[in-house]
Amino acid sequence: LAHNVIYKLLDGVHERIELAQQGGKKIEVEAVAVVREIFELSGKAKGTVVAGCRVDEGVFKKSLLCRVSRDGQTVFRGSVSSLKHFREEVTEVRKGMECGIVLRGFNDLKPDDQIESIVEEEVLK
């Protein structure tokens with residue numbers, strides 16, 4: 001048992017050393033929401049696109065950065081402008097729940113896009 005802990009610790013250290021040598025960012029995906037349907041708002045919010053989503057993994061948090069993936073390619077990286085469960089503005093949505101997501105500065109969402117809630121950690125060289 002003690003050997004397993006040491007090996008896991010060493011693996012973590014080796015991963016950090018590799019990242020430090022490359023320089024850059026380590027990205028951890030906290031949650032994944034899949035776009036089911038797209039809604040375009042009218043009235044004062046005309047031009048705003050809401051992604052009707054279901055959270056498939058983790059807890060999707062409004063405060064974290066997000067990235068949108070389509071067919072395996074990242075098409076947007078930025079922040080969440082609005083996160084709603086039914087009509088109520090919320091700070092997080094848990095796995096299995098549906099929500100509406102508005103992204104700041106990005107309206108080109110399509111059904112089946114994946115919106116990932118991510119944490120970026122700077123790794124110094």
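Residue numbers start at 1 and run along the sequence shown.
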Non-hydrogen atoms of [X] and [Y] that approach each other most closely:
| X | Y | value |
| --- | --- | --- |
| A33 | C53 | CB-CB, 4.0 Å |
| G47 | N107 | O-ND2, 3.1 Å |
| R70 | F106 | NH2-CZ, 4.4 Å |
| G52 | F39 | CA-CE1, 4.0 Å |

Quiz item: Hey, is CZ on R36 packed in by over 12 heavy atoms from elsewhere, all under 6.0 Å?
Solution: yes
Practice problem: Decide if atom CD of E89 counts as having more than 12 heavy atoms of other residues, nucleotides or ligands within a radius under 6.0 Å. | Solution: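 Enclosed: over 12 neighbouring heavy atoms sit under 6.0 Å from CD of E89.
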Practice problem: Go through V29 and R67 one step at a time and tell me if the side-chain contact (heavy atoms from CB on, under 4.5 Å) criterion holds. | Solution: CA-CA 10 Å; V29 177; R67 68 179 173 198; 3.6 Å; yes
Would you compute the distance between atom [atom1] of [X] and atom [atom2] of [Y] and round it to the nearest 0.5 angstrom?
| X | Y | atom1 | atom2 | value |
| --- | --- | --- | --- | --- |
| L103 | T48 | CG | OG1 | 11.5 Å |
| T74 | E116 | OG1 | CD | 7.0 Å |
| F60 | K95 | CZ | NZ | 16.0 Å |
| D56 | M97 | CG | CE | 13.5 Å |
| R94 | K61 | CZ | NZ | 8.0 Å |
| K84 | K62 | NZ | NZ | 9.0 Å |

Side-chain heavy-atom pair [X], [Y] within 4.5 angstrom cut-off:
| X | Y | result |
| --- | --- | --- |
| D108 | V75 | no |
| I101 | V50 | no |
| E120 | I27 | yes |
| V90 | C99 | no |

Self-check item: Step-by-step side-chain contact (heavy atoms from CB on, under 4.5 Å) determination, R54 to V34
Solution: CA-CA 6 Å; R54 180 181 172 97; V34 176; 5.7 Å; no
Group every Ile, Leu, Val, Met, Phe, Trp and Tyr by side-chain heavy-atom contacts under 4.5 Å, then state whether [X] and [Y] land in the same group.
| X | Y | value |
| --- | --- | --- |
| V35 | V93 | yes |
| L41 | V49 | no |
| V59 | I118 | no |
| V80 | F76 | yes |
| L64 | V68 | no |

